Amino acid sequence: AMPDDPNSENVRALRASTWWRQWPITIVLTGVGVALLLVAFDYFRRGAVVLAGSVLLAAFLRLLLPEREAGLLAVRSRRVDVLILGTFGLLLALFAFWVPPPR
């Protein structure tokens with residue numbers, strides 16, 4: 001096979017390893033998806049808490065993981081990413097507990 005052949009073993013292995021390296025954003029987006037499902041099934045507070053937890057997890061992973069392992073969580077500098085994600089996560093958590101439960 002030619003080196004540029006998209007079906008070559010090396011290209012497939014590289015593609016698989018590239019997707020595997022995105023595990024941090026995959027975990028965070030899975031949490032966001034679960035949160036949206038909870039809200040859709042009328043569990044607003046639980047969904048909002050899971051969403052806040054997912055965003056705080058993103059901040060935590062961005063803080064701890066080296067730049068090349070953070071994958072798509074690394075958008076700006078580490079300090080800016082952690083500050084924005086942490087602030088957003090804390091505000092979401094505050095919002096989740098501030099909204100009164102339905103009667």
Side-chain angles (χ1 to χ4, degrees):
M2 298 293 294
D4 295 332
D5 179 13
N7 295 319
S8 77
E9 198 64 36
N10 290 340
V11 171
R12 282 197 306 250
L14 180 63
R15 232 182 248 142
S17 72
T18 301
W19 281 106
W20 172 246
R21 279 185 269 160
Q22 297 304 327
W23 68 266
I25 194 78
T26 303
I27 291 172
V28 171
L29 290 178
T30 299
V32 170
V34 169
L36 292 175
L37 279 173
L38 286 168
V39 171
F41 286 108
D42 213 18
Y43 296 105
F44 175 79
R45 179 164 286 170
R46 289 178 190 163
V49 169
V50 171
L51 181 62
S54 296
V55 174
L56 289 171
L57 175 65
F60 187 69
L61 289 172
R62 181 65 179 106
L63 178 66
L64 295 182
L65 292 174
E67 191 83 22
R68 59 174 241 286
E69 286 183 38
L72 291 174
L73 286 179
V75 177
R76 296 165 197 85
S77 70
R78 177 175 290 168
R79 178 179 289 153
V80 171
D81 286 342
V82 170
L83 181 69
I84 289 172
L85 289 166
T87 302
F88 188 53
L90 289 173
L91 288 173
L92 279 168
L94 179 66
F95 174 70
F97 292 109
W98 187 7
V99 172
R103 295 178 187 217

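These numbers were taken from a predicted model, which means no experiment stands behind them.
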Please identify each residue that fulfils salt bridge (Lys or Arg N to Asp or Glu O under 4.0 Å) with R76, with sequence neighbours left out.
D81
Residues R62 and E69 bridged, charged N to O under 4.0 Å:
no
Can you get from [X] to [Y] by hopping between Ile, Leu, Val, Met, Phe, Trp and Tyr side chains that sit under 4.5 Å apart?
X: L85; Y: L83; answer: no
X: I25; Y: W23; answer: yes
X: L73; Y: L64; answer: no

Which atom of [X] lies closest to which atom of [Y], heavy atoms considered:
X: V28; Y: S54; value: CG1-O, 3.7 Å
X: A52; Y: G89; value: CB-O, 3.6 Å
X: G86; Y: L56; value: O-CD2, 3.8 Å

For the side chain of Q22 and the backbone of L72, is there at least one donor-acceptor N/O pair under 3.5 Å apart?
yes
With a 3.5 Å cut-off and sequence neighbours excluded, list the donor-acceptor pairs that the side chains of residues 32-51 form with protein atoms.
| residue | atom | partner | partner atom | Å |
| --- | --- | --- | --- | --- |
| R45 | NE | A96 | O | 2.9 |
| R45 | NH2 | V99 | O | 2.2 |

Between atom CG of L65 and atom CZ of F60, what is the distance when rounded to the nearest 0.5 Å?
9.0 Å
Fellow cluster residues of L63, listed by chain then number, with links counted only when side-chain atoms sit under 4.5 Å apart:
V82
